[in-house]
Amino acid sequence: MPELPEVETTRRGIAPRIKGQRIEKVIVRQPKLRWPVPKNINQKVKGEVIRDVTRRGKYLLLNTDTGTMIIHLGMSGSLRVINCKLAAEKHDHVDLVLENGQCLRLRDPRRFGAVLFTTDDPIQHKLLKDLGPEPLESDFNADYLFAKSRKRSITVKSFIMDSKIVVGVGNIYASESLFRAGIHPKKAAGKVSKEKYSLLVKAIKTVLKTAIKSGGTTLRDFTKSDGKPGYFKQKLNVYGRKGLPCSHCGKAITHSVIGQRATYYCTHCQK
DNA sequence: ATGCGGACCTGTTAGC
DNA sequence: TGCTAACAGGTCCGCA
């Protein structure tokens, strides 16, 4: 469900409501997520103040004075700040109970998400240390992508979805960005010119920024932390539009599978 | 080192 | 209408 814009939308939604709050306790109803929620997480964070809510790729980081809670939303996760008295529903796996009676509640039906805790520098955490640049930062640029891609036979779509290359480009926005840049998703990453990578970098930045502004993409059930849907869906050019006319040339949008993921593109506009 | 496929889960939708 | 299969926004891991 959540790609980077959805994670960023979530971060912006919860940050002002939990920052500065002391954590009264952690309630874990279902510890079996992508990795087990640490058994001692409650004793680790109990009494700590949430100093800041940051993001690295799609990982949300809740910083306290003694360590960092690392949260990933996986495919179906969402976070909301609600009144603690609101009864937990079936897939509400973890609550961070705050001193003010509110609580940060993680719901994740498919349980691909994660809640971890580290006392070390989170950036050095196993899951974060090999991540590539942030797509909206200046070190993600055409020179970088071009250099990284030389001799790579992998498809350009899988390449930009590789978090070691760049974080935050998920399945929807990969298709959308390649469409905007006019690049065929199956083209080998090593065969894409620097000029095309320049277009691709611009496309990725534009698409992600626009999606963040719209509050993310609601396909099925993504809702922002305030429970409202995101509005990016109406701006999708190719994703989910199999057989529908290309917004640029009118030819039917093609669907195929790349790296086990649904991919949408226009064979006329993308070479 | 690189690339590929499997794995982890449940809910919704498509198809017969 | 009902059952079953396919598919879904992520990404780590092990194997070739």
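For the numbers below, each heavy atom of this structure counts, side chains included, while hydrogens, waters and symmetry mates do not. Reminder, nothing fancy here: chain letters follow the sequence lines and each chain counts from 1.
- C/dT11 atom P lies 12 Å from atom CD of A/Glu6, rounded to whole Å.
- Going from atom CH2 of A/Trp35 over to atom C1' of B/dC8 covers 10 Å, rounded to whole Å.
- Between A/Arg55 and A/Glu134, at least one side-chain nitrogen of the basic residue sits less than 4.0 Å from a carboxylate oxygen of the acidic one, meeting the salt-bridge criterion.
- Considering only side-chain atoms of A/Pro109, the nucleotide from C/dG10, B/dG11, C/dC12 that sits closest is B/dG11.
- For residues 119-128 of chain A, proximity to DNA chain C is found at A/Lys126, A/Leu127, defined as any non-hydrogen atom under 4.0 angstrom from a strand atom.
- Closest contact between the side chain of A/Met75 and the listed nucleotides B/dG11, C/dG9, B/dG5 involves C/dG9.
- For the 3.5 Å distance criterion, the side chains of A/Lys157 and A/Thr263 qualify, holding a donor opposite an acceptor.
- One can place CG of A/Asp130 at 9 Å from P of C/dC12, the figure rounded to the nearest angstrom.
- A side-chain donor-acceptor contact under 3.5 Å links A/Arg56 to the backbone of A/Leu131.
- Side-chain contact between A/Val45 and A/Ile50 is absent, with no heavy-atom pair separated by less than 4.5 Å.
- Contact between the side-chain N/O atoms of A/Tyr59 and the OP1/OP2 oxygens of C/dC12 is found at a separation under 4.0 Å.
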Sequence neighbours excluded and cut-off under 3.5 Å, please list the side-chain donor-acceptor pairs for residues 111-124 of chain A, or say none.
residue, atom, partner, partner atom, Å
A/Arg111, NH1, A/Lys32, O, 3.1
A/Thr118, OG1, A/Asp120, N, 3.1
A/Asp121, OD1, A/Ile123, N, 3.1

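- Once the 5.5 Å centre distance and the 30° plane angle are applied, the aromatic ring of A/Phe112 is found not to be stacked with the base of B/dC9.
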Atom pairs, protein N/O to nucleotides 1-3 of chain B N/O, distance under 3.5 Å:
residue, atom, partner, partner atom, Å
B/dG3, OP1, A/Ser153, N, 2.7
B/dG3, OP1, A/Ser153, OG, 3.0
B/dG3, OP1, A/Ile154, N, 3.1
B/dG3, OP2, A/Arg152, NE, 2.4
B/dG3, OP2, A/Arg152, NH2, 2.3

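- No contact: A/Phe159 has no heavy atom under 4.0 Å from any strand.
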Under 3.5 Å, side-chain donor or acceptor atoms of residues 182-190 of chain A against the rest of the protein: list the pairs with distances, not counting sequence neighbours.
residue, atom, partner, partner atom, Å
A/His184, ND1, A/Lys186, N, 3.1

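- Nearest-nucleotide positions on DNA chain C for A/Gly168 and A/Arg110 put A/Arg110 closer to the 5' end.
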Between A/Lys194 and A/Asp143, does the salt bridge (charged side-chain N to carboxylate O under 4.0 Å, His left out) criterion hold? Intermediate values first, please.
CA-CA 7 Å; A/Lys194 188 177 280 191; A/Asp143 287 344; 3.1 Å; yes

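- For the pair A/Ser163 and C/dC12, the criterion of a side-chain N or O lying under 4.0 Å from OP1 or OP2 is met.
- At a cut-off of 3.5 angstrom, counting only N and O atoms as typed in the model, there is no donor on one side facing an acceptor on the other between the side-chain of A/Arg111 and the base of B/dC9.
- Taking atom P in both B/dG6 and C/dA6, one finds a spacing of 14 Å when rounded to whole Å.
- Checking each of A/Glu3, A/Lys202, A/Arg180 against A/Val207 for a side chain to side chain contact (heavy atoms under 4.5 Å, CB included) leaves exactly one that passes, namely A/Arg180.
- Counting only distance, with no hydrogens or angles, the side chain of A/Lys242 and the backbone of A/Val238 share no donor-acceptor pair below 3.5 Å.
- In this structure, the NZ atom of A/Lys157 is 14 Å from the C1' atom of C/dT11, given to the nearest Å.
- Using a 4.0 Å heavy-atom distance criterion, A/Lys164 is classed as making no nucleic acid contact.
- A/Ile172 places its CD1 atom 13 Å from the P atom of C/dT11, with the value rounded to the nearest Å.
- For the OP1/OP2 pair of C/dC12 and a distance below 4.0 Å, the side-chain nitrogens and oxygens of A/His72 include no atom meeting the criterion.
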So what does the secondary structure string of DNA chain C come out as, 5' to 3', with Watson-Crick or wobble pairs under 3.5 angstrom, [ ] for crossing and | for pairs with another strand?
.|||||||.|||||||

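- Using a 4.0 Å cut-off, no side-chain N or O of A/Lys58 falls inside it from OP1 or OP2 of C/dG9.
- Residues A/Gly250 and A/Pro245 come closest through the heavy atom pair O-CB, 3.4 Å.
- A search for side-chain hydrogen bond (donor to acceptor under 3.5 Å, both in side chains) contacts involving A/Tyr264 returns nothing, not counting sequence neighbours.
- A/Arg105 places a side-chain N or O within 3.5 Å of a backbone atom of A/Leu86 that can act as its donor or acceptor partner.
- Counting only heavy atoms from C-beta on, A/Ala262 has its side chain closest to C/dA8 among C/dA8, B/dC9, C/dC12.
- One atom, CZ of A/Arg107, and another, C1' of C/dG9, lie 17 Å apart when rounded to the nearest Å.
- No N or O donor and acceptor, one from the side chain of A/Glu3 and one from the base of C/dG10, sit under 3.5 Å apart.
- Atom CZ of A/Arg55 and atom P of C/dG10 are 14 Å apart (whole Å).
- Heavy-atom neighbours of A/His125 NE2 from other residues, nucleotides or ligands within 6.0 Å: above the threshold of 12.
- One interatomic measurement links the two molecules: CZ of A/Arg261 to P of B/dC4, which rounds to 15 Å at whole-angstrom precision.
- Between the side chain of A/Arg34 and the base of C/dT11 there is at least one donor-acceptor pair of N/O atoms closer than 3.5 Å.
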